[in-house]
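To start, the structure itself, in structure tokens.
Any value given below was found using the heavy atoms of this structure, including those in side chains, with hydrogens, waters and symmetry copies removed. Count residues from 1 along the sequence.
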Amino acid sequence: MPAGCDVYVLRDVLHDQDDLGAGRILAACGRAAGPDARVVVAEILLDRTAAASPGLLIDVQMMMATTGSRQRSASEHAALLSRAGFRAGRVIELPGVPCLVEGVAS
């Protein structure tokens, strides 16, 4: 992980990992990040309350094809970021997919 970047962008990376693997990736960003750095996670967010959520369909595909990989909700991403030492920031919903979840170095 390159050190001293202002922003670390993870697009469709964390959904390929179980929570432990995703945490390791975020922790590596945290070790490399400066005090004002940000992590931006670009993923399709899982919304368990919306029957037509694209995240639900992808989540099922991930469960069938891999072990431990899954889509996560905004709050699940915030929890991963927090455990890695980031303060949860904004969730930016874009027209279409993915959404952006921000973590701010503490």
Side-chain angles (χ1 to χ4, degrees):
M1 191 69 59
C5 296
D6 293 330
V7 178
Y8 295 85
V9 178
L10 303 173
R11 174 163 178 162
D12 291 334
V13 172
L14 299 184
H15 77 155
D16 290 337
Q17 305 292 319
D18 62 14
D19 286 349
L20 185 61
R24 282 195 294 258
I25 292 168
L26 291 169
C29 290
R31 287 189 300 274
D36 296 322
R38 292 184 172 1
V39 171
V40 176
V41 177
E43 298 266 351
I44 296 171
L45 296 181
L46 182 60
D47 181 356
R48 291 181 180 87
T49 64
S53 169
L56 287 174
L57 296 173
I58 294 169
D59 194 39
V60 170
Q61 289 175 335
M62 300 288 288
M63 286 188 285
M64 291 175 14
T66 65
T67 303
S69 301
R70 63 190 184 89
Q71 296 304 119
R72 293 176 178 87
S73 66
S75 62
E76 289 169 320
H77 280 289
L80 284 173
L81 287 162
S82 178
R83 286 194 297 270
F86 290 93
R87 181 174 36 86
R90 298 171 290 172
V91 175
I92 302 169
E93 302 220 10
L94 302 172
V97 290
C99 293
L100 305 177
V101 179
E102 176 188 46
V104 181
S106 308

For Ala78, check side-chain contact (heavy atoms from CB on, under 4.5 Å) against everything at least two apart and list the hits. Ala88

Non-hydrogen atoms of [X] and [Y] that approach each other most closely:
X     : Y     : result
Ala32 : Pro2  : CB-O, 3.5 Å
His77 : Leu45 : CD2-CD2, 3.6 Å
Tyr8  : Cys29 : CB-SG, 4.1 Å

Verify the cluster assignment for Leu10 and Val104: are they in a single hydrophobic cluster under the rule of side-chain heavy atoms below 4.5 Å apart? no

Holding to salt bridge (charged side-chain N to carboxylate O under 4.0 Å, His left out), I want the full list of residues that pass it with Arg90, two or more places apart in sequence or in another chain. Glu102

Begin from the C-alpha positions of Val41 and Leu80 and carry the test side-chain contact (heavy atoms from CB on, under 4.5 Å) through to its verdict. CA-CA 11 Å; Val41 177; Leu80 284 173; over 6 Å; no

Name all residues meeting the side chain to side chain donor-acceptor pair (under 3.5 Å) criterion together with Gln17; count only those two or more places apart in sequence or in a different chain, and write none if there are none. none

Ser75 meets the side chain to side chain donor-acceptor pair (under 3.5 Å) criterion, sequence neighbours left out, with Ser73

Supply the atom-to-atom distance Leu94 CG to Cys99 SG, rounded to the nearest 0.5 angstrom. 6.0 Å

Could you list the donor-acceptor pairs under 3.5 angstrom formed by side chains in residues 18-28, with sequence neighbours left out?
unit_1 : atom_1 : unit_2 : atom_2 : d
Asp18  : OD1    : Leu20  : N      : 3.2
Asp18  : OD1    : Gly21  : N      : 2.7
Asp19  : OD1    : Arg70  : NH2    : 3.1
Asp19  : OD1    : Arg72  : NE     : 3.0
Asp19  : OD1    : Arg72  : NH2    : 2.9
Asp19  : OD2    : Arg70  : NH2    : 3.3

Whether Glu43 side chain and Val13 backbone form a donor-acceptor pair below 3.5 Å: yes

